[in-house]
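Since the structure comes first, as structure tokens, the remarks are kept for the end.
On a predicted model such as this, the values are computed, not experimentally measured, just so you know. Just so it is clear: chains get the letters A, B, ... in the order the sequence lines come, proteins before strands, and each one is counted from 1.
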Amino acid sequence: MEVISINNIENYEGKEVEIRGWLYNKRSSGSIKFLIIRDGTGFIQATLIKSEMEKEAFEKIDGLEYESSIKVRGLVKRENRAPRGFEILVRNIEIVHQAWEDYPLSLKEHGTGFLMNYRHLWLRSPRQNAILRIRAEIVKAIRDFLDQNGFILIDAPILTPSACEGTTTLFETNYFGDKAYLTQSGQLYNEAAAMAFGKVYCFGPTFRAEKSKTRRHLMEFWMVEPEAAYLELEESNEIQEKLVAYLVEQVLKNKPIELDLLERDKARLQLITPPFPRLSYDEAIEILKANGSKIEWGDDFGGEDETILSNKYEKPVFIHRYPLKCKAFYMKPDPQRPEVALCADLLAPEGYGEIIGGGQRIDDYNLLAEKIEEHHLSRENYEWYLDLRKYGSVPHSGFGLGIERTVAWVCGLNHIRETIPFPRMLNKIYP
RNA sequence: UCCUCGGUAGCUCAAUGGUGGAGCAUCCGGCUGUUAACCGGAGGGUUGCAGGUUCGAGCCCUGCCCGAGGAGCCA
């Protein structure tokens, strides 16, 4: 008898199969019993009919607790009355492990705070399963896109000797008696890699010790950061819009069942095709002022400002050429207008806000040295970074795409915390 | 760090200052097509903690703890 996965059960209609999984739910009507089995790839109804099986096998499951692990053997039937259009007519069930009777999660009515304490069990639910499968698809799409477009994976270190950008708070750790910090960006190392390999990206976790407590923030999150030599701002933007459109396309193509389960409006995602609109910071300020925002030229956008801007478009929108003082020290000033940076952020639609931040980097040695001093950064820590401007400096650009925010947008979630298996949130690190 | 809201059964929530309830979950019983099944019955409580006001506090007051949302900052 063949052991099969629930997600391709339709290929086995009329065949005897075995499913290895867990008991998700059960319903009984006396002489007919329904079990909902999950195996990690999907959920399927298993039906037991008293008159069609041995008494012992029929009664075996009476005391079976939720989440008990079981092997179910039976006939795959097309059945309109079953949730997925298919069910298994059970011949026999083998109980692998009888779960304890106090499984804490019931099938309805839990608050997120409670569920987060049981995140290790919550992952078993259909909704969490769908979200994390979409996350995996997005990660795969990003890697495929970059690999197919000549980028090579060159990962940056997690433990770093100093701040990459200096501004945000870092997690400090002890490195054999010296201070070290968990990375908040692979950016600077990427620039070194880009001068060695041309087009590179790093993909990994990053850490911010900011005491942020909002639906858009995690202490630990994942970022993909491409960086390329001889790449100028607008060329970088073009890569970004193609990348974002591609990952949306791949999710639509490969994860339609998961999107439906999340009740995501797929029509909104189908609109995500290049080119994306481009708005200068100056234009954005005018729009915000016209909408009643108190923002002034030189301010960075707040969450509400981003929402106003992104709601104006069906596609993600680039906001480019921010005031230099809003941005990191390595951002290259626009030669036409030195008060603004050659940079662009990408705001996702439907109020999801910033998913990409990127820009062109300073390639002149003297200017970069000045900026390092201006930002009170330790020159000693950045000698290697300055070297990149001494030996074959070229115009170069890159960007960072936040995985969790992207997943939240594609899935249509109102909070980022469900987009990562075990979110690290303010004052909360269990489980 | 600041602002707002909240904390009552395992969970989600009710309860004019006057005997703390419901749905789900659990246990028992019933049901041959259930769809977070349904129907009947039972058990389940130091109302976050510590004080205070009152004849009487889940409810009013003070302090603390914890949680949620938001601000700042950012992806």
Please work out if [X] contacts a base, only the sugar-phosphate, or nothing of the nucleic acid, heavy-atom cut-off 4.0 Å.
X: A:Leu218; result: base
X: A:Glu79; result: base
X: A:Asp345; result: nothing
X: A:Ser51; result: base
X: A:Lys327; result: nothing
X: A:Thr112; result: nothing
X: A:Gly111; result: sugar-phosphate
X: A:Ile416; result: base
X: A:Glu404; result: nothing
X: A:Tyr66; result: sugar-phosphate
X: A:Lys213; result: base
X: A:Glu87; result: base
X: A:Phe114; result: sugar-phosphate
X: A:Glu52; result: nothing

In whole Å, what is the span from the [atom1] atom of [X] to the [atom2] atom of [N]?
X: A:Arg27; N: B:U34; atom1: CZ; atom2: C1'; answer: 5 Å
X: A:His415; N: B:A75; atom1: NE2; atom2: C1'; answer: 15 Å
X: A:Lys26; N: B:A25; atom1: NZ; atom2: C1'; answer: 12 Å
X: A:Leu107; N: B:U26; atom1: CG; atom2: C1'; answer: 15 Å
X: A:Phe171; N: B:C74; atom1: CZ; atom2: C1'; answer: 14 Å
X: A:Ile44; N: B:U34; atom1: CD1; atom2: C1'; answer: 14 Å

RNA chain B in dot-bracket, Watson-Crick or G-U pairs under 3.5 Å, [ ] crossing, | other strand? (((((((..((((....[..)))).(((((.......))))).....(((((..]....))))))))))))....
Is [X] side chain donor-acceptor paired with the [N] base, going by distance under 3.5 Å alone?
X: A:Ser212; N: B:C73; result: yes
X: A:Arg216; N: B:C73; result: no
X: A:Glu101; N: B:U26; result: no
X: A:His217; N: B:C74; result: yes

Identify which one of A:Leu121, A:Leu123, A:Leu115 satisfies the side-chain contact (heavy atoms from CB on, under 4.5 Å) criterion when paired with A:Arg119.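 Single pass found, and it is A:Leu123.
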Which of these, A:Ile152, A:Asp147, A:Ile154, A:Asp155, sits in a side-chain contact (heavy atoms from CB on, under 4.5 Å) with A:Tyr201?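 Checked A:Ile152, A:Asp147, A:Ile154, A:Asp155 against A:Tyr201; only one passes side-chain contact (heavy atoms from CB on, under 4.5 Å): A:Asp147.
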Do [X] and [Y] meet the criterion of a side-chain donor-acceptor pair at a distance under 3.5 Å?
X: A:Gln98; Y: A:Glu65; value: no
X: A:Arg361; Y: A:Gln187; value: yes
X: A:Gln184; Y: A:Thr206; value: no

Report yes or no: is the ring centroid of A:Phe34 under 5.5 Å from the six-membered base ring centroid of B:G33, with the two planes under 30 degrees?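 By the stated criterion, A:Phe34 and B:G33 do not stack.
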Toward the 5' end of RNA chain B, by each residue's nearest nucleotide, A:Gly303 or A:Leu426: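 The 5'-side residue here is A:Leu426.
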A:Arg208 versus A:Phe221: any side-chain heavy-atom pair under 4.5 Å?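 Answer yes - side chains close enough.
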Any ion pair linking A:Arg135 and A:Glu404 (charged N to carboxylate O, less than 4.0 Å)?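 Result for this pair is yes, salt bridge flagged.
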Checking contacts here: which listed nucleotide (B:G72, B:A25, B:U34) is nearest the side-chain heavy atoms of A:Gln45?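 The listed nucleotide nearest to A:Gln45's side chain is B:U34.
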Does A:Glu304 have more than 12 heavy atoms from other residues, nucleotides or ligands lying within 6.0 Å of its CD?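 It does not: A:Glu304 CD has 12 such atoms or fewer within range.
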I need the single residue from A:Glu52, A:Glu18, A:Glu16, A:Glu54 that forms a salt bridge (charged side-chain N to carboxylate O under 4.0 Å, His left out) with A:Arg91. Which is it?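 Only match with A:Arg91 under salt bridge (charged side-chain N to carboxylate O under 4.0 Å, His left out): A:Glu16.
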